[in-house]
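See structure below.
Convention: sequence-line order gives letters A, B, ...; per-chain numbering from 1.
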Amino acid sequence: MIRTLAAVVAVALLAGCPGPDSQGGGTVGTTPGLKTFVFGRGQESVTLDPANATDGESVKVIVNVFDTLVRYAEGSTQVEPCLATSWDVSEDRLTWTFTLREGATFHDGTPVDAEAVVFTMERQRDPAHEFHQGEFVYWKDQFGAVEKVEAPDAKTVVFRLSEPFVPFLQNLAMFSASIVSPAQFKQLKQAGGGEEAFTNAPVGSGPFKFKEWRRNEALILEAYDDYWGGRPKLDEVIFRAIPDNSSRLQLLKKGELHGMDGINPADVGALEEEAEIELHTLRPGSNTAYLAFNNLKPPFDDARVRRACALALNLDKIASSLYYGLAVPAKNLLPPTIRGHNDALPARPQDREGAKKLLAEAGFPDGFETTVWTMTNPRPYMPQPSKTAQYVKNALAQIGVKAEVVTKEWSSYLEEVEKAEHDMAFMGWSSDNGDADNFLYVLLSKDSTEIGSASNISFYRSDAVTELLVKARQEFDLSKRDALYQEAQALIYEDTPMIPLVHNALVIAMRKSVKGFKIHPLNELRFHKVDLE
Amino acid sequence: MRYLLGRLFSILPVLLGVSLLVFLLVRAIPGDPARNIAGERASAELIEQIRAEHGFDRPLPVQYLTFMGRLSRGDFGTSIQSRQSVSGEIARRFPATIELALSAILLATLIGVPLGIAASLRPNSFLDAGSMAAALLGVSVPVFCLGYVLILAVGDYLPYAGRMDEAVLREFAPRTSFYVLEAALRLNGRALFNALSHLLLPALALSSVPLAVVARITRSSMLEVLGQDYVRTAKAKGLSQRAVVLKHALRNALIPIVTVLGIQTGYLLGGAVLTETVFSWPGMGWFVVQAIGERDYPVIQAGVLLFATTFVLVNLFVDLAYSKLDPRVQLGVTK
């Protein structure tokens with residue numbers, strides 16, 4: 001018995017050794033004759049229902065399966081036509097009319113018509129809608145101004161808004177506004193499927209159609225032959241969840257993966273030397289890590305104290321050592337990749353003497369005791385939260401401020417900082433839609449400071465700034481709008497409710513055999529134009 | 001038989017206790033699932049809405065009774081994150097864990113027992129010292145470290161992610177999640193070898209601790225038995241070394257070994273979080289740990305209950321094995 005088993009194991013060992021032909025070019029795990037692209041990421045997607053997705057891993061798949069009315073152009077945050085070929089906004093800015101593309105079809109063969117767009121939007125907006133199942137987090141966050149969506153004819157869609165809202169068009173390019181097939185929803189319901197049915201059989205009109213999903217193993221898409229934008233060059237895309245960063249990198253080097261994200265920042269340097277691997281880097285990305293002061297709590301209710309703390313930090317050092325040189329020091333909360341960024345503001349160099357003077361003016365010649373909060377888990381904008389906190393603690397000690405580091409697990413962390421329980425806390429933001437409003441209004445307006453659910457966790461309640469930000473939401477003249485944002489950022493710079501620390505880079509690694517991939521400032525991973533050599 | 005029924009019946013209060021404990025424990029972890037879903041952009045109403053939708057706004061006793069009511073109908077509820085049925089998710093993942101755990105135990109037994117015997121036959125020899133030092137290393141080296149060493153050493157020749165190559169899997173088109181077992185039963189050699197080759201490295205990494213423990217226990221248990229009078233008698237009457245060791249000594253030394261194997265099997269069936277993470281093995285450990293991070297209460301509850309049940313059942317099985325190994329052990333008889 002033992003001998004037989006040993007033999008089986010030995011044979012299995014030999015059988016497991018791939019021959020030389022199956023090694024090269026990353027063909028492992030693919031069907032011969034098919035161009036299969038395999039992408040490795042750290043986690044599984046949660047859902048493929050675009051309206052209910054909130055995690056980045058779901059979005060990576062959704063943008064390949066679905067189309068939106070408008071989309072972000074390649075390599076930029078500007079919107080361009082997609083399912084809608086043209087649009088028009090009324091004089092009072094309350095009515096938006098879109099004309100749909102001819103010939104676009106869903107993967108189930110039904111046409112992408114105005115009814116489908118109405119279905120997609122009304123399903124999210126109207127709590128009485130037959131298919132209004134889920135939380136629709138993004139709808140509530142970004143489409144609150146939409147009062148009604150109508151279809152006067154098969155190729156025309158009308159959105160009626162309750163107030164003028166400039167970011168509306170940018171928001172329509174987001175994954176959550178992906179147009180879904182109403183026929184599929186109805187068919188699944190008829191077949192007795194529950195609310196989870198669509199996520200297991202999603203139907204959109206994007207370049208790839210859903211094929212199969214074995215959670216934590218593989219999520220498989222295949223080319224949609226009738227895609228209006230032309231059939232993709234790849235036949236299949238497989239997303240694999242490989243939780244461990246180092247194992248994933250080994251698989252990329254071995255050729256079992258063609259591309260991956262979630263690279264340890266420390267590994268990036270060595271990867272640049274790899275002959276078969278190409279790093280796609282965008283530095284800076286559209287994200288910001290910041291240190292928020294709790295403006296409600298003394299002594300941080302005094303702008304001089306906040307400015308003093310800002311002067312104690314050396315942002316260049318944070319960018320070079322804690323982010324391995326992948327980040328760029330920040331001057332503003334708004335990243336330079338996003339329109340409206342105020343580049344005229346001076347960088348704030350480290351100045352300990354100046355900081356001490358400000359503290360003395362504010363009545364703290366000997367400094368004070370406080371806490372700096374940080375999370376246990378790395379975030380896309382902050383790879384090393386506890387080391388960063390340690391750095392801030394040491395830097396503040398140099399000006400006499402004794403900060404104790406408080407570390408909390410992510411969901412408790414969010415809950416408590418939103419309740420204003422912190423003194424100083426790290427946080428960050430990655431752009432959803434490439435619009436300045438999505439950073440400045442969300443993170444610094446008075447309207448976002450409700451205790452318990454604040455997104456402005458600095459609890460900065462400046463009337464002047466809020467007024468400028470609200471005006472900018474409704475200013476359709478883009479250069480005037482830019483001026484409003486420039487002015488708001490200057491005021492914010494002076495008040496220093498938070499310290500913008502750095503903008504982190506986006507890094508995607510691909511094998512050199514992968515052609516036609518372009519990194520996107522909003523980190524959208526689209527594989528329509530990707531090819532394998 | 002009566003003994004067996006009695007034992008099975010006595011499991012119920014244990015599981016009831018576990019269910020209450022895990023129910024309360026998951027709710028005692030700081031953080032809440034609603035906030036995890038809504039993330040950085042949560043509004044107060046949204047969080048309330050999610051809590052209400054999943055019944056987390058109701059009093060704890062009501063929540064517990066609802067949970068138990070569903071459970072009695074075999075319904076583990078739906079995952080808060082993925083909205084998939086928890087039973088379905090477990091049905092896909094538990095087989096992966098079972099195959100991995102049993103392979104690791106098999107390796108541990110096949111290597112650990114002979115190693116222990118060899119060491120006991122020449123106590124304090126080079127072989128003894130060497131194998132026991134190796135065993136100590138096996139217990140001490142963290143599995144993720146061993147995992148990386150294996151990947152770097154033989155990762156070019158052996159697969160180390162997932163359960164089967166996609167191409168083989170498509171051809172094989174399994175109907176269950178027991179890939180190895182199903183491939184063997186369907187006499188599909190290609191699928192079987194592919195599945196086994198994927199199993200080898202994770203099973204090897206996972207077997208390090210049980211292997212070491214088994215080797216050490218075998219050695220000490222054998223040393224004790226080999227010093228007994230009946231072994232000397234057996235030797236004296238001219239039996240071959242092989243017969244003395246395997247027939248007379250080993251059988252009597254087996255009880256502690258089987259006990260240890262049982263406990264280790266129970267542990268491993270609880271999902272090997274680190275091994276599953278390093279080797280991207282889609283089993284229970286990865287699944288439940290992910291759920292803990294997301295505060296996905298139904299998944300955590302179901303997972304822990306399943307682990308507890310498995311552990312108790314494995315122990316029961318070990319107890320039954322005692323009477324087979326040693327006829328003097330009579331189950332259910334109190335003297």
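Judged by distance alone, with hydrogens and angles left aside, the side-chain atoms of B:R92 form a donor-acceptor pair with the main-chain N or O of A:R215 at under 3.5 Å. Formation of a donor-acceptor pair under 3.5 Å by the A:K254 side chain with backbone atoms of B:D156 is not found in this model.
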Point to revise | Stepwise side chain to side chain contact (heavy atoms under 4.5 Å, CB included) test for B:R83 and A:T47 | key: CA-CA 8 Å; B:R83 294 172 176 271; A:T47 175; over 6 Å; no

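Checking A:N200 against B:Q84 by side-chain atom types alone, a donor-acceptor pair falls below 3.5 Å.
More than 12 heavy-atom neighbours from other residues, nucleotides or ligands sit within 6.0 angstrom of CZ on B:R27. With a 6.0 Å radius and a threshold of 12 heavy atoms from other residues, nucleotides or ligands, B:K247 has its NZ atom at or below the threshold.
Contacts of B:R93 with chain A are made by side-chain atoms alone, with heavy-atom separations under 4.5 Å and no backbone atom involved. There is no contact between B:F144 and chain A, counting heavy-atom distances below 4.5 Å. With a 4.5 angstrom heavy-atom cutoff, A:E409 touches chain B only via side-chain atoms. In this structure, the portion of B:Q290 lying under 4.5 Å from any heavy atom of chain A is its side chain and not its backbone. Residue B:L152 touches chain A through its side chain alone, counting heavy-atom pairs closer than 4.5 Å. Neither the backbone nor the side chain of B:I29 comes within contact range of chain A, judged by heavy atoms closer than 4.5 Å.
Minimum interatomic distance between A:P243 and B:T277 (heavy atoms only, all atoms of both residues): CG-O, 3.3 Å. Summarising the geometry of B:Y160 relative to A:S247, their closest heavy-atom pair is CE1-O, 4.0 Å, with the distance given to 0.1 Å. Between A:R240 and B:A161 the shortest heavy-atom distance is NH2-O, 3.2 Å. The two atoms that bring B:V278 and A:D244 nearest to each other are CA-CB, 4.2 Å, heavy atoms only. Across all their heavy atoms, B:W286 and A:A241 have their closest contact at CH2-O, 3.4 Å.
Among A:D55, A:N245, A:T199, A:I220, the residue with the largest count of heavy-atom pairs under 4.5 Å with chain B is A:I220. Between chain A and the residues B:S82, B:A96, B:P282, B:A195, the largest count of heavy-atom pairs under 4.5 Å involves B:P282. Comparing A:K408, A:E212, A:E196, A:K253 by how many heavy-atom pairs each has under 4.5 Å with chain B, the most go to A:E196.
Atoms CZ and OG, from B:R295 and A:S412 in turn, are 6.0 Å apart once rounded to the nearest 0.5 Å. To the nearest 0.5 angstrom, A:N216 atom CG is 8.5 Å from B:E89 atom CD.
Salt-bridge check for B:R170 with A:E236: passed, with a basic side-chain N closer than 4.0 Å to an acidic carboxylate O.
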